[in-house]
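For reference, the structure is listed below as structure tokens.
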There are 2 protein chains.
Amino acid sequence: MLVPDRLPKESARDFAFRTLRENIISLELKPGTQISENEIAAELALSRTPVREAIIDLSKASIIEIFPQKGSYVTLIDQKMVEESRFVRDVLDKAVIQLACGGCSREALNEMDENVLLQQFYLEKGDGSRLLTLDNQFHRLIYIAADMETTYQMRSSMMLHFDRVRSLSLSTVKDTKIVQDHCEMLDAIKAGDREKAVALVDKHLKRYELDKLWMRKEHPEYFK
Amino acid sequence: MLVPDRLPKESARDFAFRTLRENIISLELKPGTQISENEIAAELALSRTPVREAIIDLSKASIIEIFPQKGSYVTLIDQKMVEESRFVRDVLDKAVIQLACGGCSREALNEMDENVLLQQFYLEKGDGSRLLTLDNQFHRLIYIAADMETTYQMRSSMMLHFDRVRSLSLSTVKDTKIVQDHCEMLDAIKAGDREKAVALVDKHLKRYELDKLWMRKEHPEYFK
DNA sequence: GCAAAGGTACTTGTATACAAGTAGACAAGA
DNA sequence: TCTTGTCTACTTGTATACAAGTACCTTTGC
């Protein structure tokens, strides 16, 4: 497992949560892997308590499954769960982008401009990991622009399942179309073109279908 | 605080979570109230650990706010949060009921029939608390009918804010229209009439606007 | 050889002890 | 009177100890 630096003032629990989450999404901790509270605690130089609390949090999002008195495991990727995540994302993203089309602050637009610029930069550099971060950030900025940040947080917890599937594929495929989609979405928001924006979200999400198929073919052992 | 019976095989953590959640939603624990891990633990005859874990869970849904080394408090009702909850519910409910209109099992329909019957029964009896439970259950059944139960769980966590506002008003108002709405929704699902179903969800949600206004007028001290 | 019993080493669940930080009471001193 | 320091009693955060259940291996008996 990759152990990042502990941020200043970060609580033990938050540190454990962040570490586990990143390792699971990046597939560094593979689906099916057993998670021992004691082992993780030792690895992070913490006691069991904060580690346990972090694991409970992650189990709430069904990304870790706890079997009392037996053990805890990184869940296998569940096709149905990924599908529902996709559905929620589809429905919320379309509703929110329409709000954003209704007008948002200069600030929010600037941040999105900057984000898209960086996406193009790292796309050329071929830095898939950085791209994934910017991708997530871009969609978050849309929610912020629509003043729906709490809703975004909720979306995030469900998106964990989706993120795992994207993780590997985005870092190898480096699809230029995804960045292109983001550019066009931003344009649609600026133009206040709801119809175009919704169509773009729809097209955008369909791309991940390929990711899923590719991953399922390449790593069937990750799936339930 | 009202302490329910502990269910058989229920873990201490689940028991603490359930107890706190119910007391908060029912406004038995009023917005702004301080929650002491020690006090709750004593009251439920548990140690701090499971109580603490339950409190952390509830803080994830922003229904309890934890100030480290200071104290934990039942959050005041946040208008923006209620608004976002309403938005999420609106968007998801409309999408899901359309799926249900696409056809669902005989079983699911039977359960909904039964539920609506009970709603009418308890409406006449004037049992608001029982009505609230049935109301929640009805909407859950729609999600189950659409095979979107995980999505419903996500919806639930955000709905806590909404539920608090409904709690008092539903128990006093006992609006016959709400039960009527449910009947019509069920009919629309049976008929596969998407358009009608969506319109009903829309109308249904608008009723709660009145709840909010009533509550804000009656209990301004509960709001942020 | 095989089956059953029991020990052992793990797991998570819960309880308790201690650490660290905050708020308020209260008294001492300017 | 007001300020300041300290003590006390609280809070949550973390560490540790113990309880209870599971899986597996080993040993014992046939």
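Just the heavy atoms: all of them, side chains too, but no hydrogens, waters or symmetry mates, feed the values below. Chain naming here is simple, since letters A, B, ... match the order of the sequence lines and numbering starts at 1 in each.
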Atom pair distance, as rounded to whole Å: [atom1] in [X] and [atom2] in [N]:
X: Phe67(B); N: dG13(D); atom1: CZ; atom2: C1'; result: 16 Å
X: Arg48(A); N: dT16(C); atom1: CZ; atom2: C1'; result: 14 Å
X: Lys9(A); N: dT14(D); atom1: NZ; atom2: C1'; result: 19 Å
X: Glu53(A); N: dG13(C); atom1: CD; atom2: C1'; result: 13 Å
X: Ile55(B); N: dT11(D); atom1: CD1; atom2: P; result: 11 Å
X: Lys70(B); N: dA20(C); atom1: NZ; atom2: P; result: 19 Å
X: Glu10(A); N: dT14(D); atom1: CD; atom2: C1'; result: 15 Å
X: Arg52(A); N: dT11(C); atom1: CZ; atom2: C1'; result: 11 Å

Is the closest side-chain heavy-atom distance between Leu29(A) and Met1(A) below 4.5 Å?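 Answer yes - side chains close enough.
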Would you say the side chain of Glu83(B) lies within less than 4.5 Å of the side chain of Lys212(B), judging by non-hydrogen atoms?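 Yes, close enough: below the 4.5 Å cut-off.
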Return the orientation label for the His182(A) and His204(A) ring planes: parallel under 30°, perpendicular over 60°, tilted otherwise.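 Tilted, since the angle between the ring planes falls between 30° and 60°.
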Parallel, tilted or perpendicular: which fits the ring planes of Tyr73(B) and Phe67(B), with parallel below 30° and perpendicular above 60°?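 Rings of Tyr73(B) and Phe67(B): perpendicular, as their planes differ by over 60°.
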Contacts to DNA chain C from residues 31-46 of chain B, heavy-atom cutoff under 4.0 Å, which residues?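 The answer is Leu46(B).
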Ser85(A) (side chain) donor-acceptor with Met159(A) (main chain) under 3.5 angstrom: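 A pair under 3.5 Å: no.
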Would Thr150(A) and Tyr143(A) count as a side chain to side chain contact (heavy atoms under 4.5 Å, CB included) here? Give the steps. CA-CA 9 Å; Thr150(A) 303; Tyr143(A) 277 71; over 6 Å; no
If you check every side-chain atom of [X], which of [options] has the closest atom?
X: Ser11(A); options: dT22(C), dT14(D), dT14(C); result: dT14(D)
X: Ser72(A); options: dT12(C), dT14(C), dT16(D); result: dT12(C)
X: Thr49(A); options: dT14(C), dG13(C), dT16(D); result: dT16(D)
X: Gln69(B); options: dT12(D), dC18(D), dT14(D); result: dT12(D)

Does dT14(C) have its OP1 or OP2 closer than 4.0 Å to a side-chain nitrogen or oxygen of Ser47(B)?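 Ser47(B) to dT14(C) OP1/OP2: no side-chain N or O under 4.0 Å.
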Please lay out, stage by stage, how Asn115(B) and Gln119(B) fare under the test side chain to side chain donor-acceptor pair (under 3.5 Å). CA-CA 6 Å; Asn115(B) 179 288; Gln119(B) 282 186 48; 2.6 Å; yes
